[in-house]
Amino acid sequence: MFGQKEVIVVSQRFHNERAIYLGEHFGMTVYGYNAKNVAKMGGFKTKVRERFARMKVFWGILFGIDSNFLGKPVKIG
């Protein structure tokens with residue numbers, strides 16, 4: 001995506017878990033630093049959304065579906 005083999009992701013834990021999984025799946029070294037979690041009601045909505053997001057990740061990998069949002073590759077460095 002950005003021509004990197006090693007990246008740092010700063011986000012909430014649930015997102016870092018998915019980002020690390022995807023990065024390692026594509027041969028990258030990914031470090032995740034967890035930010036503070038969201039409030040209770042927002043947290044519930046986020047957990048529900050994350051369940052579907054994780055299923056979509058596995059579905060995409062299983063069937064070789066690329067992300068719709070990557071755009072043109074941008075090389076950094």
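Here, residue 1 is the first one in the sequence, and each next residue gets the next number. These figures come from a predicted structure and were not determined experimentally.
- Nearest heavy-atom pair, R54 versus F14, reported as atom, atom and distance to 0.1 Å: NH2-O, 3.4 Å.
- The distance from atom CD1 of I61 to atom NZ of K56, rounded to the nearest 0.5 Å, is 12.5 Å.
- For Q12 against K36, the heavy-atom pair with the smallest separation is NE2-O, 3.3 Å.
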Report, one line per pair, each donor and acceptor closer than 3.5 Å where one atom sits in a side chain of residues 25-34; sequence neighbours left out.
from	atom 1	to	atom 2	distance (Å)
Y31	OH	E6	OE2	3.3
N34	OD1	N16	ND2	2.7

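- Counting heavy atoms of neighbouring residues, nucleotides and ligands inside a 6.0 Å radius, atom CZ of F52 does not exceed 12 of them.
- The number of heavy-atom neighbours closer than 6.0 Å to CZ of R13, taken from other residues, nucleotides and ligands shown, is 12 or below.
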Walk me through it: do L22 and V57 pass the test side-chain contact (heavy atoms from CB on, under 4.5 Å)?
CA-CA 8 Å; L22 281 170; V57 164; 3.6 Å; yes

